[in-house]
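This report refers to the structure that appears directly beneath it.
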Amino acid sequence: MRRPVGRPPQPGRREEILTAAVRVAAERGLDDLSLAELATALGFSTYTLTYHFGRREGLLAAIVEHVETEMREQIRRLAEGPGGASPGELLRRYWESTRAPGAHSYMRLWLELLVLAGRHPDRFPGFQQRAATGWRDLAAQVLREHTGSDELATLIVATVTGLEIEQMLDPGSPAPARPWTA
């Protein structure tokens with residue numbers, strides 16, 4: 001009978017490491033972030049990372065899944081929040097959330113994943129499709145329920161995407177005084 005090697009996994013440890021890894025990836029970017037650099041930034045050994053995620057690609061896949069899940073949850077939270085649910089109110093809530101501390105680096109990570117998946121679809125299998133139809137479909141669905149129009153919902157989602165890109169290009173730009181009045 002073979003004796004187990006090492007300690008048994010600690011409950012919640014993988015999620016704790018993943019949350020920290022997402023924060024570091026959002027601050028530094030993913031494209032050339034090595035496992036050793038990430039381990040040093042997190043204060044862990046590379047063994048700890050490979051124990052929980054396997055190779056670098058496993059950790060990247062976990063980061064991508066975490067970001068996708070967080071984006072979907074953010075849209076759900078915004079739609080369920082207090083203060084009415086008109087399209088204008090939903091957009092105002094979203095715009096405010098993009099200006100919260102830490103949101104800029106998180107949004108930059110999301111956009112970096114979109115670019116990397118476009119250049120290397122084999123590294124991030126299915127990400128482009130999920131990004132195009134996943135959380136954006138959820139946003140369009142929420143907006144469609146409030147506008148009654150597929151076309152208007154699609155236009156609003158496309159406009160928000162453009163605003164996200166503009167904010168990445170000029171993060172210091174002031175927020176519009178009242179961007180959404182619809």
Side-chain angles (χ1 to χ4, degrees), residues 6 8-79 94 97-98 100 102-145 150 153-169 171:
Q10 297 173 1
R13 183 70 166 156
R14 185 179 193 276
E15 290 75 24
E16 176 188 332
I17 294 169
L18 179 58
T19 300
V22 168
R23 187 188 74 251
V24 171
E27 292 167 1
R28 296 184 182 194
L30 276 179
D31 197 23
D32 59 354
L33 185 64
S34 72
L35 205 55
E37 181 183 4
L38 186 56
T40 299
L42 295 172
F44 298 118
S45 67
T46 54
Y47 173 80
T48 300
L49 296 180
T50 57
Y51 176 80
H52 289 282
F53 300 99
R55 298 170 15 120
R56 179 178 183 264
E57 289 74 23
L59 180 56
L60 291 179
I63 288 172
V64 168
E65 182 180 339
H66 180 86
V67 170
E68 288 176 331
T69 300
E70 185 56 36
M71 293 296 280
R72 282 192 301 273
E73 287 305 311
Q74 179 185 13
I75 295 210
R76 281 193 189 101
R77 284 190 304 269
L78 291 172
Y94 179 74
S97 74
T98 66
H104 179 78
S105 59
Y106 204 78
M107 193 181 310
R108 188 177 60 235
L109 176 60
W110 174 255
L111 293 173
E112 180 183 9
L113 285 169
L114 290 172
V115 170
L116 290 174
R119 286 193 334 211
H120 310 287
D122 53 316
R123 271 178 75 190
F124 305 97
F127 178 76
Q128 283 183 302
Q129 181 64 28
R130 291 188 309 273
T133 61
W135 77 272
R136 293 205 184 272
D137 275 356
L138 174 62
Q141 176 187 349
V142 168
L143 290 166
R144 201 175 297 116
E145 290 170 7
D150 287 343
T154 300
L155 179 61
I156 291 169
V157 168
T159 301
V160 168
T161 301
L163 287 170
E164 290 170 345
I165 292 169
E166 182 180 329
Q167 188 173 345
M168 290 295 96
L169 295 173

Contact summary for Thr19 and His66, nearest pair of heavy atoms: OG1-CE1, 4.4 Å
Spacing of CG belonging to Leu49 relative to CG belonging to Leu18, to within rounding of 0.5 Å: 10.5 Å
Which atom of Arg14 lies closest to which atom of His52, heavy atoms considered: NE-O, 3.1 Å
Point-to-point distance, once rounded to the nearest 0.5 Å, from CD of Glu70 to CH2 of Trp110: 11.5 Å
Asp122: side chain to side chain contact (heavy atoms under 4.5 Å, CB included) partners, not counting sequence neighbours: His120
Exercise: identify the closest heavy-atom pair between Leu30 and Glu112: N-OE2, 2.8 Å
Rounded distance [0.5 Å steps], CG in Leu38 versus CZ in Arg28: 8.0 Å
Taking every non-hydrogen atom, the tightest pair across Ala25 and Leu109: O-CD1, 4.1 Å
Interatomic distance, Arg13 atom CZ to Tyr51 atom OH [nearest 0.5 angstrom]: 11.5 Å
Nearest non-hydrogen partners of Leu59 and Ala21, listed with the distance: CD1-CB, 4.2 Å
Ile63 CD1 to Leu33 CG distance, which is reported to the nearest 0.5 Å: 7.5 Å
More than 12 heavy atoms of other groups within 6.0 Å of Glu16 CD: yes
Side-chain (Arg56) to main-chain (Ala36) donor-acceptor, under 3.5 angstrom: no
Main-chain N/O of Ala26 paired to Arg108 side chain as donor or acceptor, under 3.5 Å: yes
Gap between atom CZ of Phe53 and atom CG of Leu35 - 0.5 Å precision: 10.0 Å
Heavy-atom pair of closest approach, residues Gly118 and Pro121: O-CD, 3.9 Å
